[in-house]
Amino acid sequence: MDNVKQVNEPSREDAFHDKDNKLIIPFEESLDKNIDNITYLFKNCTDVVKREVNIGMLTPIRIYGVYIDGMVNRDVLENFFLSRIIDYKNLNGERIPMTGPKTQIIMDHFSATFDIREAQNMDQMVSGILSGDAAIFIDGEKKGLIIACRSWPVRGVGAPETEAVVRGPRDGFVETIRFNTALIRRRIRDTKLKVEMTSVGTRSRTDIAIMYMEDIVRPELVEEVKTRLEKYKIDGVFDSGYIEQLIEDSWKSPFPQTQSTERPDKVASSLMEGKVAIVVDTSPFVIVVPTTLNTFYQASEDYYQRWQIMSFTRILRYIVSFLSFSLPGLYIATINFHPAMLPTSIAVSLAASREGIVLASVMEMLVMEMAFELLREAGIRLPGPVGHALGVVGGIVIGQAAVDAKLISPMIVIIVAITAVATFAIPDYGLTAAYRLLRYIFLFICALFGLYGYLIAFILLLAHLSSLESFGTPFLAPYTAGDQNDYRDFRDTLIRFPIFLQNRRPRYAREHQKTRIRLSDADSVTETPPGPDSAQTATDIQGEPREGDE
């Protein structure tokens with residue numbers, strides 16, 4: 001019991017922090033007191049480097065530097081700060097006037113890097129150290145200096161793995177927040193692209209960047225994003241998935257209400273439409289809000305190839321997504337309750353294929369679905385080449401063995417294979433996961449009520465989707481409330497209209513910033529096809545500006 005009480009007693013370090021794990025100890029003028037506090041805070045931290053140095057000889061300034069080995073760029077720290085201190089100490093006499101604030105003297109005369117700033121309290125100093133910067137404590141000053149010299153172990157920029165394209169950029173986000181914001185800035189070279197930094201996590205203090213186009217985005221959307229990020233106090237955030245679940249509108253729905261992407265070009269395009277991007281450090285996925293069901297069917301490649309073939313591809317995506325969650329249930333409902341709906345030849349063929357099968361059709365479907373789910377998960381966890389081989393070979397072997405053993409009918413294998421392939425055709429993994437769960441709901445309802453259950457499930461699905469919102473935007477927009485933007489948002493839905501016809505931004509943007517493409521000599525929206533006709537003047541084509549144009 002004595003040992004338990006001793007463990008549960010508050011330590012000295014507990015008195016240093018408030019309930020949100022923020023340091024509350026004061027910044028002392030005495031360097032020795034600050035050294036004692038830092039020594040205790042970083043006790044048993046062998047990766048923390050600490051050193052005391054005197055600047056000057058006649059009127060020396062005592063400083064104490066602290067940084068974490070492996071998280072700083074030692075070349076920057078040594079070449080642009082420490083070397084200047086040593087060079088000055090080796091000179092004869094005092095050449096620099098040691099008057100005024102000591103922090104200013106050091107910044108003016110001993111730092112050869114622009115990125116050095118003052119810190120007003122101990123929490124800022126320790127946070128800088130833990131973030132990979134170097135902290136400088138100065139004797140006689142109630143503030144310190146932070147030298148930006150971060151150099152974390154990073155992964156190089158590579159191709160996105162979850163959103164591969166045939167034509168388009170091959171660079172994808174990585175786990176370093178500054179790399180990710182730079183990839184977006186590279187595509188939008190505009191001073192109105194704003195990047196606001198904050199941190200979430202009382203212990204992890206994960207950096208988060210809120211990015212938006214100042215003149216395009218609606219101010220209330222930016223404020224709503226900030227409000228939701230500040231709503232909770234959480235110990236640690238290690239991926240954007242944490243943030244995604246904390247800021248979504250309806251946690252009970254399996255459908256994602258935010259869009260996560262690995263592609264900088266998709267984020268840049270979304271920002272130009274008036275959306276907000278949330279970049280989370282240590283995560284290669286960036287969150288984009290608001291989002292709609294329609295945006296999950298849009299791939300970056302859709303805008304890099306001709307509109308005819310990409311419109312056909314989008315229609316195909318909608319069809320296969322419908323099959324991915326409804327086909328197993330529809331098959332069970334038809335076989336068990338309404339076989340008379342089938343043509344005679346098909347009904348006879350299905351009956352012959354089920355001869356000698358010992359399991360009920362519902363159990364057949366469940367067994368095969370679970371087998372494919374198992375193969376999918378195993379393929380993800382195993383190394384790349386082995387995982388692909390397991391998915392292909394395992395599916396063939398298990399399916400054929402089940403058919404030969406008279407456990408599963410061949411048609412069940414075909415249905416399950418079609419639904420599995422259909423899920424891979426959907427561009428967004430989050431929507432795919434929702435459809436995988438929805439497939440079992442449809443299957444159970446159809447097994448109980450047949451086609452009537454299928455219709456009931458479909459109506460309930462539509463009702464649920466109609467009730468969802470994403471940061472004030474209806475989830476089924478523009479199919480619902482499409483008139484809010486003069487029905488122009490329909491030009492990028494089921495049919496991807498040519499680029500020159502998508503001349504107005506979607507509903508997310510401000511009213512006075514709707515125009516995004518026009519003729520060079522026109523001030524308002526134009527709808528002129530490219531080619532020879534594009535040489536005409538705006539007056540010849542459209543005459544007077546229309547209502548609602550700029």
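Numbering starts at 1 and runs along the sequence shown.
At a threshold of 4.0 Å, the pair Asp171-Arg187 counts as salt-bridged, since one of the basic side-chain nitrogens sits closer than that to a carboxylate oxygen. Salt bridge absent: Lys406 and Glu355 never bring a charged side-chain N and a carboxylate O closer than 4.0 Å. Lys192 and Asp215 are joined by a salt bridge, as a carboxylate oxygen and a charged side-chain nitrogen come within less than 4.0 angstrom of each other.
Side-chain contact of Thr258 with Glu248: a donor-acceptor pair under 3.5 Å is absent, judged by distance alone. A side-chain donor-acceptor contact under 3.5 Å links Arg178 and Thr181.
By the neighbour-count criterion of 12 heavy atoms within 6.0 Å, atom CZ of Phe449 is sparsely surrounded, having that number or fewer from other residues, nucleotides or ligands. Few gaps surround OH on Tyr440; more than 12 heavy atoms of other groups in view lie less than 6.0 Å from it.
Annotation: side chain of Ile216 is not in contact with side chain of Arg510 (no heavy-atom distance under 4.5 Å). Taking 4.5 Å as the limit, every side-chain heavy atom of Arg491 sits out of range of all side-chain heavy atoms of Pro478. Using a 4.5 Å heavy-atom cutoff, the side chains of Val367 and Phe372 are not in contact.
The aromatic rings of His338 and Tyr452 sit perpendicular to each other, their planes meeting at more than 60°, with 30° as the lower class boundary. Ring geometry for Tyr454 against Phe458 counts as parallel: the plane angle stays under 30°, on a 0 to 90° scale with 60° as the upper cut. Taking the six-membered ring where the residue is Trp, Phe322 and Phe325 present perpendicular rings, their angle passing 60° and hence far from 30°.
Relative to the ring axis of Phe471, Arg228 places its NZ or CZ within 45° and under 6.0 Å from the centre.
Side-chain rings of Tyr297 and Tyr318 approach one another, their centers coming within less than 6.0 Å.
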